[in-house]
Novice: 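Following this message is one structure expressed as structure tokens.
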Amino acid sequence: MDSIIVEELTRDQARAELARLSDVLAQANDAYHGADAPEISDAEYDRLKLRNAAIEARFPELKRSDSPSDQVGAAPSSGFGKITHAVSMLSLGNAFEDEDVAEFAQRIRKYLGLDASENVQFTAEPKIDGLSLSLRYESGKLVHAATRGDGSTGENVTDNACTIDSIPQEISDAPDVLEVRGEVYMSHADFEALNVRQTEAGEKVFANPRNAAAGSLRQLDSKITKSRPLRFFAYAWGELSTPLAQTQMGAIEKLASFGFEINPLTKVCDGPTSLVAHYRTIEAQRATLGYDIDGVVYKVDRLDLQARLGFRSTTPRWAIAHKFPAELAWTRLEAIDIQVGRTGALSPVARLAPVTVGGVVVSNATLHNEDYIAGRDSKGVEIRGGKDIREGDWVQVYRAGDVIPKIADVDVTKRPDGAAEYAFPATCPECGSDAVREEGDAVRYCTGGIICPAQAKEKLKHFVARKGFDIEGLGAKQVEMFYEDSELPIREPADIFTLARRDADNGLTKLKNRHGWGAQSASKLFEAIEEKRKIAFGRMLFALGIRHVGEAAAKDLALHFGEWHFLKEAAEGARAAALAWRAADEAEEAERIAAAREGRRGRIKETRDGAMARCAVPMGSKVAWEDLVGIDGIGASVAMSLTDAFANTHERAAIDRLVNELEIAPPEAPSQESPVAGKTVVFTGSLEKMTRAEAKARAESLGAKVAGSVSRKTDILVAGPGAGSKAAKAAELGIKILDEDGWLALIEGL
DNA sequence: GTGCCTCGAGTTCC
DNA sequence: CTCGAGGCAC
């Protein structure tokens with residue numbers, strides 16, 4: 001019966017299948033916990049569990065009281081395996097106006113150092129509104145297909161991709177390694193027909209072709225995917241053993257010769273004017289194309305120029321997406337709610353009468369902050385013509401970047417009588433503490449700290465999130481539940497690691513007797529927690545959720561200090577210097593304001609030095625502060641935040657309690673073999689063969705220290721084109737200077 | 001001081 | 001995904 005797809009099960013079959021799955025899964029659970037029943041693989045377990053959930057979704061009335069879906073802590077991770085892309089799948093920068101296109105072309109000319117007489121050609125093609133897919137062929141055979149995922153790792157959907165007609169499973173005369181990238185989509189006609197079939201079968205209908213395509217490609221049962229009419233346009237590539245061509249257009253034509261469908265509206269243009277002209281042509285045909293597009297993509301045609309232009313952190317410099325104007329819809333704003341984030345930031349959210357915009361029903365929209373509601377942007381410039389937003393207003397909604405709902409306009413003529421200007425709360429709606437907004441800040445923050453339940457809960461959610469401790473079975477929902485719990489509460493991170501101990505005081509009975517929990521789910525959670533008791537330094541620091549200490553800063557700090565107690569000592573030691581710095585900063589700010597008021601030029605430098613001096617900072621503290629802000633990527637505000645965290649009695653105590661429970665693993669010791677191990681390296685100018693982030697990560701993995709500025713301690717300066725004062729200073733100090741190729745040759749041992 | 005570029009934080013919907 | 005702001009180069 002396992003072979004019958006869920007959509008084809010009869011009622012009786014479904015009932016029997018649910019009984020069988022409940023049995024098999026219960027046995028699997030026992031096996032997992034050491035009983036002597038036969039074991040099944042994790043993947044199989046997840047598959048069965050998903051099948052169970054799918055049947056329950058189709059026949060809710062047949063759901064069993066002992067349903068495996070209700071077992072907490074044993075949730076399936078995902079039915080698909082992960083695939084790491086050999087070459088990451090990046091997103092594109094956006095252009096909205098014609099002048100953005102001209103700027104894009106101009107930027108490229110400038111970067112390449114071209115003069116007016118030299119021409120750059122581009123390709124222009126419709127941007128298909130579907131999902132991107134990467135197909136890997138080895139010796140002409142399709143070996144796997146992966147979704148974009150987060151850009152570096154996607155899901156393995158090979159079986160499903162094989163069901164798509166326009167994806168060849170074998171290619172003759174292909175390079176040994178060929179990764180083809182393109183868009184999976186569904187045509188309007190196929191989408192309509194599918195929804196008719198869905199309605200007839202009593203299944204849910206899809207909101208738009210994109211969702212239908214996404215839902216179909218991510219079916220665990222490829223038989224379902226096969227029944228869905230998906231199509232594929234090829235437009236790019238990843239890893240290649242031999243180049244496809246010398247131009248973008250040539251490469252696309254080559255893909256067509258391999259048997260892929262390419263978009264017929266792809267065209268070579270010789271500059272921004274003809275790009276925009278082709279954009280208008282495509283826009284005019286939009287309604288009759290038969291599939292959804294959301295803009296036009298422009299790429300530099302010559303591949304050697306693409307290589308020279310390279311990448312910024314997340315986007316290529318040589319391509320841009322020219323988006324069509326966003327769809328707009330009018331609806332009524334029912335209320336303005338305030339949410340409190342983990343940093344205490346108060347964010348207003350608009351509750352809307354549900355409205356369809358861009359094929360999706362929207363009922364919330366972000367309102368950013370106080371000024372945005374009042375009709376001003378961050379620089380105090382009027383937006384929406386200076387119209388403020390009030391509860392009860394008719395508002396025009398759009399989805400920024402086709403995702404985030406925002407408010408474009410307000411119809412003041414329809415404003416209800418007596419609607420008052422929105423009064424942003426001056427106290428936290430969750431805990432009642434004062435909510436303050438610092439001069440120059442856009443955001444108002446709750447001052448309750450960990451006293452505020454909203455902040456505490458959000459901090460805990462951040463702590464257990466995927467990039468933090470990532471404890472299986474302890475997600476946002478469970479955190480909410482445990483926070484409110486009176487018997488076994490989790491109110492701070494350390495509580496997670498004392499949970500089993502606290503339950504043990506009662507013979508491990510508290511958790512397993514709770515509704516929705518059993519002996520198995522309880523012990524599974526305890527095991528998952530134990531697994532994370534040993535944790536990487538950087539991950540742990542990030543999980544703490546200290547303001548301004550994100551993933552990158554946490555990693556930098558962990559690498560610099562290596563051990564927790566060194567970081568702790570620096571953060572504590574730097575306190576006096578940090579306070580002096582803050583005092584100086586405030587004095588400077590006050591002086592600037594006073595100077596502006598009196599219409600004179602402030603003697604800022606002097607005020608600042610005076611304030612620093614008055615604080616009489618001990619030498620040791622100055623050294624600790626310099627140690628912190630001397631780290632590449634760590635500035636005064638991150639350092640300030642760190643010393644704040646360690647100086648706050650409550651926070652400090654909570655951190656200590658947590659550290660006592662953990663085994664913090666130092667960052668991986670960088671290899672000592674490499675020619676740059678232990679050397680301090682500085683990158684300057686623009687890098688052409690790698691992004692700064694890549695260069696830095698690579699150097700660090702080889703044991704080098706990457707600094708931001710040249711000093712006597714610098715060993716090597718890597719200078720790209722456009723290097724300025726740093727190169728001069730390095731030369732002056734007699735420091736070894738390499739160009740990018742020289743550096744690569746050094747680290748690759750050539 | 002100005003102008004990139006990245007990172008951090010917050011957000012929605014499936 | 002977008003915005004704001006931190007960090008850094010010029």
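Throughout, a chain's letter reflects where its sequence line sits, starting with A, and its residues are numbered from 1.
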Novice: Which part of the nucleic acid, if any, lies within contact of A:Val349, taking any heavy atom under 4.0 Å across all strands shown: a base, the sugar-phosphate backbone alone, or nothing?
Specialist: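 Counting heavy atoms under 4.0 Å across all strands, the contact made by A:Val349 is with sugar-phosphate only.
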Novice: Can you classify the ring geometry of A:His322 versus A:Tyr298 as parallel (below 30°), tilted (30 to 60°) or perpendicular (above 60°)?
Specialist: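 Perpendicular, since the angle between the ring planes exceeds 60°.
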Novice: Is there a donor in the side chain of A:Asn369 and an acceptor in the side chain of A:Arg444, or the other way round, less than 3.5 Å apart?
Specialist: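 Absent: no donor and acceptor within the cut-off.
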Novice: Regarding A:Lys406 and A:His368, do their side chains bring together a donor and an acceptor under 3.5 Å, going by distance alone?
Specialist: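 Indeed, the side chains of A:Lys406 and A:His368 share at least one donor-acceptor pair under 3.5 Å.
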Novice: Counting only side-chain N and O atoms of A:Lys406, is one of them less than 4.0 Å from OP1 or OP2 of C:dC1?
Specialist: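 No, because none of the side-chain N or O atoms of A:Lys406 sits under 4.0 Å from OP1 or OP2 of C:dC1.
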Novice: So which nucleotide from C:dG6, C:dT2, B:dC7 ends up closest to the side chain of A:Phe96?
Specialist: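 Nucleotide nearest to A:Phe96's side chain: C:dT2.
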Novice: If you compare every side-chain N and O of A:Asn369 against the phosphate oxygens of B:dG10 (OP1, OP2), does one of them come in below 4.0 Å?
Specialist: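 A:Asn369 to B:dG10 OP1/OP2: no side-chain N or O under 4.0 Å.
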Novice: Roughly, in whole Å, what's the span from NE2 in A:His548 to C1' in B:dG10?
Specialist: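 My rounded result for the distance is 13 Å.
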Novice: To the nearest angstrom, how far is A:Lys457 atom NZ from B:dG10 atom P?
Specialist: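 To the nearest whole Å, that distance equals 16 Å.
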Novice: Mapping A:Val340 and A:Val361 to their closest nucleotides on DNA chain B, which lands nearer the 5' end?
Specialist: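 Nearest nucleotide further toward 5': that of A:Val340.
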Novice: With a distance cut-off below 6.0 Å to the six-membered ring centre and an angular limit of 45° from the axis, does A:Arg210 pair with A:Phe191 as a cation-pi contact?
Specialist: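 Judged by the rule, A:Arg210 and A:Phe191 form no cation-pi pair.
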Novice: Base, sugar-phosphate or nothing for A:Ala365? Non-hydrogen atoms, less than 4.0 Å.
Specialist: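 Here A:Ala365 touches no strand at all.
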Novice: In whole angstrom, what separates A:Leu92's CG from C:dC1's C1'?
Specialist: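 A:Leu92 atom CG is separated from C:dC1 atom C1' by 14 Å.
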Novice: Applying a 4.0 Å non-hydrogen cut-off, can you work out what A:Ala636 is touching in the nucleic acid: base, sugar-phosphate, or nothing?
Specialist: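 Sugar-phosphate, no base atom in range.
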Novice: Closest to the A:Ser91 side chain: C:dC1, B:dG10, B:dC13?
Specialist: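 Comparing C:dC1, B:dG10, B:dC13 against the side chain of A:Ser91, the answer is C:dC1.
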Novice: Considering only side-chain heavy atoms of A:Arg547, which listed nucleotide, B:dT11, B:dA9, B:dC13, is closest?
Specialist: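 So the side chain of A:Arg547 is nearest to B:dA9.
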Novice: Separation of A:Leu131 atom CG from B:dC13 atom C1', in whole Å?
Specialist: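 In whole Å, B:dC13 C1' and A:Leu131 CG are 15 Å from each other.
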Novice: Given B:dT11, is OP1 or OP2 found less than 4.0 Å from the side-chain N or O atoms of A:Gln339?
Specialist: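 Yes, within the criterion.
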Novice: Check whether any side-chain N or O of A:Thr366 sits under 4.0 Å from OP1 or OP2 of B:dG10, and answer yes or no.
Specialist: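 So the side chain of A:Thr366 is outside the cut-off, no N or O lying under 4.0 Å from OP1 or OP2 of B:dG10.
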Novice: Figure out the CZ/C1' separation between A:Arg582 and C:dG6, and round it to whole Å.
Specialist: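 Computing the A:Arg582:CZ to C:dG6:C1' distance gives 16 Å.
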Novice: Just how far, in rounded Å, is P of C:dT2 from NZ of A:Lys323?
Specialist: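 To the nearest whole Å, that distance equals 7 Å.
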Novice: Between A:Asn364 and B:dC13, is there a contact of a side-chain N or O with OP1 or OP2 at under 4.0 Å?
Specialist: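 Affirmative; the distance criterion is met.
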Novice: In whole Å, what is the span from the NZ atom of A:Lys459 to the P atom of B:dG10?
Specialist: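 Rounded to whole Å, this separation is 11 Å.
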Novice: State whether A:Thr343 places a side-chain N or O below 4.0 Å from either non-bridging phosphate oxygen (OP1 or OP2) of B:dG10.
Specialist: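 Checking B:dG10 against A:Thr343, a side-chain N or O does come within under 4.0 Å of OP1 or OP2.
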Novice: Do A:Arg342 and A:Phe463 meet the cation-pi criteria used here (NZ or CZ under 6.0 Å from the six-membered ring centre, within 45° of the axis)?
Specialist: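 Cation-pi check for A:Arg342 and A:Phe463: fails.
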Novice: With a non-hydrogen cut-off below 4.0 angstrom, is A:Ala214 in contact with a base, only sugar-phosphate, or nothing?
Specialist: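 Touches nothing.
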Novice: Answer yes or no: does a side-chain N or O of A:Arg342 lie under 4.0 Å from OP1 or OP2 of B:dA9?
Specialist: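 Answer is yes, contact under 4.0 Å.
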Novice: Measure from the side chain of A:Ile404, starting at C-beta and using heavy atoms only, and say which of B:dC13, B:dA9, C:dC1 lies closest.
Specialist: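 Nucleotide nearest to A:Ile404's side chain: C:dC1.
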Novice: Any idea which of B:dC7, B:dG10, C:dG6 is nearest the A:Val638 side chain?
Specialist: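 Nearest nucleotide to the side chain: C:dG6.
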Novice: From C:dG7, C:dG4, B:dG10, pick the nucleotide closest to the side chain of A:Ser637?
Specialist: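 Within the option list, the nearest is C:dG7.
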Novice: A:Asn211 side chain: which of B:dA9, B:dC14, B:dT12 is closest?
Specialist: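 Closest nucleotide to the A:Asn211 side chain: B:dC14.
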Novice: Whether the side chain of A:Glu183 engages the backbone of A:Gly130 through a donor-acceptor N/O pair (distance < 3.5 Å, no angle test) should be reported.
Specialist: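 Looks like yes, one N/O pair under 3.5 Å.
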Novice: If you measure from the Lys or Arg side-chain nitrogens to the Asp or Glu carboxylate oxygens, is any gap between A:Asp409 and A:Lys387 under 4.0 Å?
Specialist: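 Looking at A:Asp409 and A:Lys387, the cut-off is met.
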Novice: Round to the nearest Å and state the distance from A:Tyr445 atom OH to B:dG10 atom P.
Specialist: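 Going from A:Tyr445 (OH) to B:dG10 (P), I get 7 Å.
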